[in-house]
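FYI, the numbering just counts along the sequence from 1.
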Amino acid sequence: MKKLIPLITLLFLFSCNNHAQTNPKQEAVKTAKPIEVPLEDGKAKAYFASGCFWCVEAVYESVKGVDEVINGYSGGHTKNPTYESSNTGTTGHAEAVEVIYDPNVVSFETLVDVYFASQNPAQVNGQGPDRGSQYRSIIFYQNENQKSIIESKKTVLSKKLDITIAAEVYPFQKFWIAEDYHQDYEKLHPNNPYIRNVSIPRLNKFKAKMPEVLKENH
């Protein structure tokens, strides 16, 4: 019986994760009209989900033209998601980042290139050791031009690597800021085992691929 309990729990979680991505409320999120975030003091915002947000935050903060990266949740059908609720896989949300950048220094197109260069584009529902719908890959678009850029890059990359690109493409709706302890996590916890063994190696792998976009101190 003890052996059956973990199996039943696993099946239940899988069912919840799958349901979160296929229920009518979640489908409405995928087909909604995108919301465009206006420039603020000349700075634009872009939104990406690609596994653990601690890793993605560190990647984008290394890029020239990026002023700040905020960790949070997006892509789901519930209000006020938390780390605990999103981890159940039932809210529809994925761990995501808000990238605040200067469009005169770095383009949205380059940020999409950074996205694909910093992940395993074929991995479904996760990156590296992080698995589940809350870790799935999503690129959010705010207008048709951004959507076209994303779809074009997905097509080119799919043909180049001869793989199916796992990243979903969602209209941007809402970004929920994560709890304070998730912000600047790699900077504040450089000796954390996850940071040392997962986040930093992922960052270094990206830096080797796109050294031309890095800030001087990186």
Side-chain angles (χ1 to χ4, degrees), residues 2 4-30 32 35 37 45-61 68-100 115 118-120 123-140 166-168 170-203:
K2 287 183 178 180
L4 286 176
I5 292 175
L7 178 59
I8 292 170
T9 302
L10 180 62
L11 290 173
F12 173 75
L13 288 174
F14 177 79
S15 177
C16 288
N17 287 346
N18 190 52
H19 177 70
Q21 289 179 263
T22 59
N23 70 42
K25 290 183 179 180
Q26 189 65 25
E27 290 302 312
V29 172
K30 297 178 183 179
I35 294 175
V37 181
K45 295 179 180 179
Y47 302 88
F48 304 93
S50 178
C52 175
F53 45 28
W54 297 346
C55 298
V56 189
E57 176 189 36
V59 167
Y60 278 106
E61 285 188 340
E68 186 178 2
V69 180
I70 299 173
N71 292 332
Y73 314 98
S74 197
H77 58 273
T78 63
K79 295 182 178 180
N80 302 309
T82 64
Y83 184 67
E84 288 75 18
S85 66
S86 69
N87 270 337
T88 66
T90 61
T91 71
H93 290 287
E95 291 192 8
V97 296
E98 177 181 71
V99 180
I100 302 171
Y115 178 84
S118 61
Q119 65 162 231
N120 172 2
Q123 186 171 344
V124 177
N125 277 352
Q127 284 295 308
D130 301 305
R131 310 295 175 89
S133 64
Q134 71 271 27
Y135 295 117
R136 70 191 187 278
S137 294
I138 311 172
I139 308 179
F140 298 89
E168 298 178 75
Y170 274 35
F172 176 71
Q173 295 294 294
K174 175 74 176 179
F175 178 78
W176 304 89
I177 297 176
E179 296 81 353
D180 286 345
Y181 69 89
H182 285 301
Q183 310 302 330
D184 295 316
Y185 199 87
E186 183 178 294
K187 290 180 182 178
L188 297 176
H189 306 279
N191 294 318
N192 176 281
Y194 179 91
I195 295 300
R196 294 179 65 181
N197 295 305
V198 180
S199 184
I200 291 176
R202 181 174 171 181
L203 172 62

[X]: side chain to side chain contact (heavy atoms under 4.5 Å, CB included) partners, not counting sequence neighbours:
| X | value |
| --- | --- |
| A49 | A94, A96, I138, F140 |
| K25 | N23, H77 |
| Y181 | Y83, E84, E179 |
| V124 | A166 |

Taking all non-hydrogen atoms of both residues, which atom of [X] and which atom of [Y] are closest, and how far apart?
| X | Y | result |
| --- | --- | --- |
| A178 | F53 | CB-CE2, 3.9 Å |
| G76 | V29 | O-CG2, 3.5 Å |
| S118 | V59 | CB-CG1, 3.8 Å |
| Y115 | S137 | OH-CB, 3.1 Å |

Side chains of [X] and [Y]: closer than 4.5 Å at any heavy-atom pair?
| X | Y | answer |
| --- | --- | --- |
| P81 | W176 | yes |
| Y194 | D130 | yes |
| F175 | I70 | yes |
| S199 | Y185 | no |
| C52 | V198 | no |
| E95 | W54 | no |
| V56 | R202 | yes |
| Y135 | N87 | yes |

Review point. Is a donor on one side and an acceptor on the other found under 3.5 Å between the side chain of Q26 and the backbone of G75?
Key: yes
From [atom1] ([X]) to [atom2] ([Y]), nearest 0.5 Å:
| X | Y | atom1 | atom2 | value |
| --- | --- | --- | --- | --- |
| I195 | H189 | CD1 | NE2 | 8.0 Å |
| H93 | R136 | NE2 | CZ | 9.5 Å |
| S50 | Q119 | OG | CD | 4.0 Å |

Hits for side chain to side chain donor-acceptor pair (under 3.5 Å) against Q127, two or more places apart or cross-chain, chain-then-number order -> none
So salt bridge (charged side-chain N to carboxylate O under 4.0 Å, His left out) across residues 182-197, not counting sequence neighbours, yields E61-K187
- Mind running side-chain contact (heavy atoms from CB on, under 4.5 Å) on Y47 and S74 for me, showing each step along the way? CA-CA 8 Å; Y47 302 88; S74 197; 5.6 Å; no
